[in-house]
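Notes follow the structure.
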Amino acid sequence: MFDYESLKLIWWVLIGVLMIGFAITDGMDMGVGTLLPFVGKSDDERRVVINTVGAHWDGNQVWFITLGGALFAAWPLVYATAFSGFYFAMMLTLFALFLRPLGFDYRSKIDSKKWRNNWDWALFVGSSVPPLVFGVAFGNLLQGVPFHFDDLMRVTYTGSFFALFNPFALLCGVVSVAMVTMHGGAWLVMRTEKVVAERAARIGQWAALTLVVAFVLGGILIWQTVPGYQITSALDTAGVANPTLKQVEIVSQAWLHNYSVQPLMWLLPALGIIMALLASVLMKMARGVAAFIASSLANVGVILTAGASMFPFVMPSSSVPNHSLTLWDAVSSEMTLMIMLSVVVLLLPIVLGYSFWCYYKMWRRVTVAEITGNSHSSY
């Protein structure tokens with residue numbers, strides 16, 4: 001049905017779709033968890049905040065799990081190299097994520113202010129650390145990761161954990177945290193009322209403005225100081241995957257090259273900036289649904305900007321640029337990609353269908369009155 005070259009490109013698009021789905025759904029409840037200690041001043045208000053995502057957060061994890069599985073199956077070299085280079089960062093993320101199910105399930109088991117307050121901060125850590133690490137990791141991808149392959153295609157990572165937290169990578173971490181915080185704020189404006197919604201709108205506005213400033217500053221740094229990667233040799237896009245058969249150079253402003261070739265791509269960063277500003281205005285106006293849609297589109301703009309800038313690179317190598325991984329030479333076999341595509345065609349509509357059904361059936365504004373009238377609910 002599809003040739004090998006087309007399958008490689010299709011899976012690059014599908015990985016991007018999974019990232020966007022993860023950012024919009026799981027990013028929303030991570031944003032809510034990040035805001036939890038600050039928008040809920042009483043136990044009832046915090047229960048309101050938690051109950052807006054309590055029915056959905058575990059279902060949203062499907063996007064994260066599917067993304068990890070797709071990376072493993074479609075881009076095995078990327079998966080292996082990332083877990084070698086970002087091992088401690090990945091473990092930090094994993095241990096932070098442990099706190100989320102524990103926090104949701106155990107928070108209300110004991111009627112103790114100290115107990116519940118500790119679990120609220122655990123939910124904050126479990127919700128804010130992962131997006132920070134993801135942003136830092138992507139900042140390092142833009143700069144290049146110090147790895148190379150030997151003659152047997154065994155990967156060697158030559159960097160260190162603390163080197164990951166360089167200024168540009170931390171700026172990308174700020175972009176990521178601000179993005180999910182804005183998104184969580186828009187969700188709470190849409191799903192709560194009165195005082196909680198007003199606090200969420202206020203913090204969400206500042207998060208949206210922080211996102212715009214950090215995003216623009218990151219673009220300026222890429223233009224002025226952060227070099228990119230460029231393939232300078234012929235590349236067999238339909239050939240067997242082997243990332244060592246090309247020539248790559250580190251070139252100033254290389255990450256802007258695709259925008260000069262396709263000027264319409266500038267609409268992507270414009271989408272991220274304009275929608276974030278619009279989300280800020282709409283949250284101030286208490287237009288929750290419109291703010292959430294604008295925030296979602298801002299997420300789409302930011303993610304697509306990064307993906308379009310790096311295309312076709314997936315994980316550049318700063319130590320041996322010729323060993324950089326691209327969507328053309330870091331993929332699985334043609335049969336594997338075809339089988340996976342068949343599974344996606346079958347299962348993705350099912351996932352989307354039950355997700356929309358769950359949101360539709362459980363749609364309402366959560367109020368303090370509802371919480372106080374159901375003191376023995378799970379959350």
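Because only heavy atoms are used, hydrogens play no part in the values below, and waters and symmetry mates are left out as well, while side chains stay in.
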Is there a path of hydrophobic side-chain contacts, each under 4.5 Å between heavy atoms of I, L, V, M, F, W or Y residues, that connects [X] with [Y]?
{"X": "Leu347", "Y": "Phe356", "result": "no"}
{"X": "Leu341", "Y": "Leu71", "result": "yes"}
{"X": "Leu170", "Y": "Val174", "result": "no"}
{"X": "Trp63", "Y": "Val302", "result": "no"}
{"X": "Leu297", "Y": "Val189", "result": "no"}

With distance as the sole test, does [X] use its side chain to make a donor-acceptor pair with the main-chain N or O of [Y] at under 3.5 Å?
{"X": "Ser176", "Y": "Cys172", "value": "no"}
{"X": "Ser317", "Y": "Phe147", "value": "yes"}
{"X": "Gln253", "Y": "Trp223", "value": "yes"}
{"X": "Asn51", "Y": "Val48", "value": "no"}
{"X": "Asn322", "Y": "Val248", "value": "yes"}
{"X": "Asn299", "Y": "Ile24", "value": "no"}
{"X": "Lys8", "Y": "Ser332", "value": "no"}
{"X": "Asp120", "Y": "Pro37", "value": "no"}
{"X": "Glu45", "Y": "Lys41", "value": "yes"}

Between [Y] and [X], do the side chains contain a donor N or O and an acceptor N or O under 3.5 Å apart?
{"X": "Asp329", "Y": "Thr326", "answer": "yes"}
{"X": "Glu193", "Y": "Thr367", "answer": "no"}
{"X": "Thr244", "Y": "His323", "answer": "no"}
{"X": "Tyr259", "Y": "Ser309", "answer": "yes"}

Do you know which two heavy atoms are closest between [X] and [Y], and how far apart they sit?
{"X": "Leu325", "Y": "Thr81", "answer": "CD1-OG1, 3.8 Å"}
{"X": "Ala291", "Y": "Met283", "answer": "CB-CG, 3.8 Å"}
{"X": "Ala89", "Y": "Val133", "answer": "O-CG1, 3.7 Å"}
{"X": "Pro312", "Y": "Ile231", "answer": "CG-CD1, 4.0 Å"}
{"X": "Pro131", "Y": "Val177", "answer": "C-CG2, 4.3 Å"}
{"X": "Tyr229", "Y": "Leu142", "answer": "CE1-O, 4.4 Å"}

Is there a side-chain contact between [X] and [Y] in this structure, where contact means two heavy atoms from C-beta onward sitting under 4.5 Å apart?
{"X": "Phe215", "Y": "Thr305", "value": "yes"}
{"X": "Arg154", "Y": "Phe149", "value": "no"}
{"X": "Asn140", "Y": "Asn166", "value": "yes"}
{"X": "Phe88", "Y": "Leu164", "value": "no"}
{"X": "Pro316", "Y": "Met310", "value": "yes"}

For the pair His148 and Tyr157, evaluate ring-ring contact (aromatic ring centres under 6.0 Å, His included) and give the outcome as yes or no after the intermediate values. CA-CA 7 Å; His148 64 273; Tyr157 176 74; over 10 Å; no
Is the shortest distance from a Lys or Arg side-chain nitrogen in [X] or [Y] to a carboxylate oxygen in the other one below 4.0 Å?
{"X": "Arg107", "Y": "Asp43", "answer": "yes"}
{"X": "Glu370", "Y": "Arg365", "answer": "no"}
{"X": "Asp26", "Y": "Arg100", "answer": "yes"}

If you count the non-hydrogen atoms of other residues, nucleotides and ligands that lie under 6.0 Å from [atom1] in [X], is the total more than 12?
{"X": "Arg287", "atom1": "CZ", "value": "no"}
{"X": "Trp115", "atom1": "CH2", "value": "yes"}
{"X": "Tyr87", "atom1": "OH", "value": "no"}
{"X": "Tyr354", "atom1": "OH", "value": "yes"}

If you measure from [atom1] on [X] to [atom2] on [Y], what distance do you get to the nearest 0.5 Å?
{"X": "Leu9", "Y": "Leu337", "atom1": "CG", "atom2": "CG", "value": "11.5 Å"}
{"X": "Thr52", "Y": "Met28", "atom1": "OG1", "atom2": "CE", "value": "7.5 Å"}
{"X": "Ser318", "Y": "Ile250", "atom1": "OG", "atom2": "CD1", "value": "7.0 Å"}
{"X": "Met275", "Y": "Ser280", "atom1": "CE", "atom2": "OG", "value": "12.5 Å"}
{"X": "Ser127", "Y": "Leu36", "atom1": "OG", "atom2": "CG", "value": "8.0 Å"}
{"X": "Thr25", "Y": "Gln61", "atom1": "OG1", "atom2": "CD", "value": "8.5 Å"}

Does NZ or CZ of Lys361 come closer than 6.0 Å to the centre of the six-membered ring of Tyr359, within 45° of the ring's axis?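 No, cation not above the ring by the 6.0 Å, 45° rule.
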Cation-aromatic face contact Arg46/Trp119, 6.0 Å, 45 degrees: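 No, Arg46 does not sit over the ring of Trp119.
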side-chain hydrogen bond (donor to acceptor under 3.5 Å, both in side chains) with Asp3: which residues, sequence neighbours excluded?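 Residues passing side-chain hydrogen bond (donor to acceptor under 3.5 Å, both in side chains) with Asp3: Ser6.
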Identify, with sequence neighbours excluded, every residue that meets side-chain hydrogen bond (donor to acceptor under 3.5 Å, both in side chains) alongside Ser333.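 side-chain hydrogen bond (donor to acceptor under 3.5 Å, both in side chains) list for Ser333, sorted by chain: Thr336.
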Does the ring centre of [Y] sit less than 6.0 Å away from the ring centre of [X]?
{"X": "Trp121", "Y": "Phe124", "answer": "yes"}
{"X": "Phe134", "Y": "Phe138", "answer": "no"}
{"X": "Phe95", "Y": "Phe98", "answer": "yes"}
{"X": "Phe311", "Y": "Trp12", "answer": "yes"}

Could you walk me through whether Val49 and Leu35 pass the side chain to side chain contact (heavy atoms under 4.5 Å, CB included) check? CA-CA 9 Å; Val49 172; Leu35 290 170; 5.9 Å; no
Would you check, one step at a time, whether the test side chain to side chain contact (heavy atoms under 4.5 Å, CB included) holds for Val281 with Met285? CA-CA 6 Å; Val281 173; Met285 297 170 61; 3.8 Å; yes
Verdict with supporting geometry, Trp363 and Tyr360, ring-ring contact (aromatic ring centres under 6.0 Å, His included): CA-CA 5 Å; Trp363 182 262; Tyr360 171 74; 9.6 Å; no
Step by step, would you call Ile15 with Val314 a side chain to side chain contact (heavy atoms under 4.5 Å, CB included)? CA-CA 11 Å; Ile15 294 293; Val314 178; over 6 Å; no
Using the side chain to side chain contact (heavy atoms under 4.5 Å, CB included) rule, take Gln205 and Met182 through it: C-alpha gap first, then chi angles, then the decisive distance, then the call. CA-CA 7 Å; Gln205 292 171 57; Met182 170 193 68; over 6 Å; no
